[in-house]
Amino acid sequence: MKKVIVGLSGGVDSSVAALLLKEQGYDVEGLFMVNWHDRTGTLTSNCTWEDDWLLAQMVAKSIDIPISKVDLSEDYRTRVVDYMFSEYEKGRTPNPDVLCNREIKFDVFLEEALKLGADYVATGHYCRKGEKDEEYQLLAGLDGNKDQSYFLCQLTQQQLAPALFPIGHLEKREVREIAEKAALPTASRKDSQGICFVGKVDLPTFLQQKLQPRKGNVIEIFPTQHLFNEIDRSKFSKDELLKLDCAPYDYSKVFGKKVGEHNGAHYYTVGQRKGLNIGGYKEPLFVIGTNVDRNSVFVGEGHEHPGLNRKGLFVKQEEIHWVRPSQKMEIGQERSFDVRIRYRQPLQKATLFQREEGLYILFAEKQRAITAGQFVAWYNGDDLIGSGVIDA
RNA sequence: UGUCCCAUGGUGUAAUGGCAGCACUCCGGUUUUUGGUACCGUCAGUCAAGGUUCGAGUCCUUGUGGGACAA
């Protein structure tokens, strides 16, 4: 009998994953991860890992599987949280949960599970595993509303090999129903939110552990800025145009009007509306850029501000990751994909251009708030082909 | 100093003498395994003192504060 170790989190999804595997006849064991002890800046003070551990144990008992726990908080701190601070410090906006999957759940945790003699490792992610062209596929979950493949966009073939996603073909509603029928103690437990294992935090407060507040100016950039003028496209080569279309605007050298003050540019991210403390406008102000060296936050009025909507983005060569190595593009090649730049975003038509320095991604429609440090993932329909960190 | 104009939530603005409304901000909530977005909701105002009127944000007087022109 094949042995599967399930990452039981104390939530409904991993509970049902374990239950289904058990019903399918696997030798199932639960393994609970402790990744975070600190509560600094946490909003849900009553929601600590102890509660989750208790729930996970109750679930294990309920479906009659052994369970143990493993403390990975050391790795979580160095490989997820430190990365988070360092990215914010550089003025970029990281995605800790993508890192958590790559570095913890499908790395350290996976190793632990294999040490315990597991043939497979399962999680409660809404995504599916397939096989094609002699490699594993990471497929979107069938519940289009819950699809979590985006969070696994950095996994490798080696990480995918022992993985099982028992609930990827189900709708959230069905998962809850299964949990209810089996009377699992997690059946009606609220879905988790916020940074996984840390929870919902007030980000500026959380970041203040490492990043000191520093007063700086909020500067409004007007949509009439010459920066936004259409260029004469006949004067440039195709590759020059590609670079221009995929480059961010540089606001630090153009005229802008000081409209307020902030406590540190590194606390802000592109597309952000709340927290600027500036009123009196007809339409809301959005952050359209930050500069941590000058400690400036650049804002623009309204959803349609040209600085907020861009045609393309760039991923550095060393940041490109192919979930499906067979699909890797050659230098000079261009291909169409379905792309998203954030969780739950409907897939966007885009063309990828592989160049020596990296990947240029040009969208059919302008994209709102393209953010450095976030992940871009490209799909072929359901099939997550690759991903990378947005450089700019 | 003379004349004129203005004063409404934190901000920007509406209201023939007849229930002070809208937008932005803030705060709270919903959605969301990242940040962010979106959606819903609450709080909050007629510069001060008198007067006219059934009734004043609105008209009159004075004061206070700001702006413009004049020298």
Side-chain angles (χ1 to χ4, degrees), chain A residues 7 9-14 33 35-36 41 43-44 47 52 76 80-81 83-85 87-88 90-105 123-127 141 143-154 167 172 175 189-207 218 220 259-262 266-290 297 299-303 305 308-309 340-346 367-377 387 389-390:
Chain A
S9 67
V12 63
D13 297 333
S14 59
M33 287 171 255
N35 286 335
W36 194 245
L43 293 178
T44 46
C47 182
D52 295 326
Y76 189 79
V80 178
V81 179
Y83 144 85
M84 224 178 119
F85 283 125
E87 285 288 280
Y88 273 110
K90 291 178 206 152
R92 293 152 59 95
T93 308
N95 188 327
D97 287 2
V98 170
L99 264 284
C100 176
N101 284 312
R102 187 182 80 189
E103 302 290 329
I104 307 295
K105 289 180 192 160
T123 65
H125 285 109
Y126 285 86
C127 64
D143 184 340
N145 195 42
K146 283 303 275 195
D147 168 35
Q148 288 170 329
S149 57
Y150 175 79
F151 284 115
L152 303 179
C153 68
Q154 286 278 294
I167 64 164
K172 181 79 196 190
V175 170
R189 227 181 159 211
K190 196 172 161 17
D191 288 3
S192 66
Q193 281 178 17
I195 306 165
C196 81
F197 301 118
V198 177
K200 210 70 185 167
V201 297
D202 178 60
L203 206 58
T205 311
F206 187 80
L207 292 176
V218 177
E220 181 178 3
V259 291
E261 288 191 343
H262 61 75
H266 41 249
Y267 301 140
Y268 293 83
T269 191
V270 176
Q272 181 175 344
R273 165 176 177 178
K274 297 288 178 182
L276 289 165
N277 263 299
I278 302 167
Y281 282 78
K282 200 169 172 63
E283 286 197 82
L285 292 181
F286 291 94
V287 174
I288 59 173
T290 61
V297 172
V299 298
E301 183 180 6
H303 301 79
H305 192 284
L308 197 56
N309 302 281
R340 66 165 52 101
I341 55 172
R342 52 176 60 86
Y343 177 53
R344 286 168 58 85
Q345 182 193 27
Q367 296 298 306
R368 182 83 172 275
I370 289 173
T371 309
Q374 291 281 293
F375 286 88
V376 53
S387 67
V389 182
I390 299 171

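Predicted model, so just to flag it, every value in this text is computed and none were measured. Sequence lines set the chain letters: A, B, ... in the order given, protein chains first and strands last, and positions in each chain run from 1.
The residue among A:Leu285 and A:Tyr343 whose nearest nucleotide of RNA chain B lies closer to the 5′ end is A:Leu285. Two residues, A:Phe286 and A:Phe151, neighbour RNA chain B, and the one matched to the more 5' nucleotide by heavy-atom proximity is A:Phe151.
Rounded to whole Å, atom P of B:U37 lies 12 Å from atom CG of A:Leu203.
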message = Treating primed atoms plus P, OP1 and OP2 as sugar-phosphate and everything else as base, which nucleotides of nucleotides 10-15 of chain B get B, S or - for protein heavy atoms under 4.0 Å?
response = BBS---
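Salt bridge A:Asp13/A:Lys146: absent, no basic N to carboxylate O contact under 4.0 Å.
Taking the six-membered ring wherever Trp is involved, the centroid distance between the rings of A:Phe151 and A:Tyr343 falls below 6.0 Å.
Within 4.0 Å of A:Gly275, counting heavy atoms only, lie sugar-phosphate atoms of the nucleic acid but no base atom. At a threshold of 4.0 angstrom between heavy atoms, the contacts of A:Arg342 include nucleobase atoms, whether or not backbone atoms are also involved. Counting any heavy atom pair closer than 4.0 Å across all strands shown, A:Lys105 reaches a base atom.
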remark   = Symbol by symbol from the 5' end, with Watson-Crick or G-U pairs under 3.5 Å, [ ] crossing and | another strand, RNA chain B is (((((((..((((....[..))))..((((.......)))).....(((((..]....)))))))))))).
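Looking at A:Thr371, its side chain has no donor and acceptor atom pair within 3.5 Å of the base of B:G36. No donor-acceptor contact under 3.5 Å links the side chain of A:Gln272 to the base of B:U37.
A:Arg344 has no side-chain polar atom (N or O) that falls below the 4.0 Å cut-off from OP1 or OP2 of B:U37.
Shown here are the ring pair (Phe, Tyr, Trp, His ring centres under 6.0 Å) partners of A:His262, two or more places apart in sequence or in another chain: A:Tyr268.
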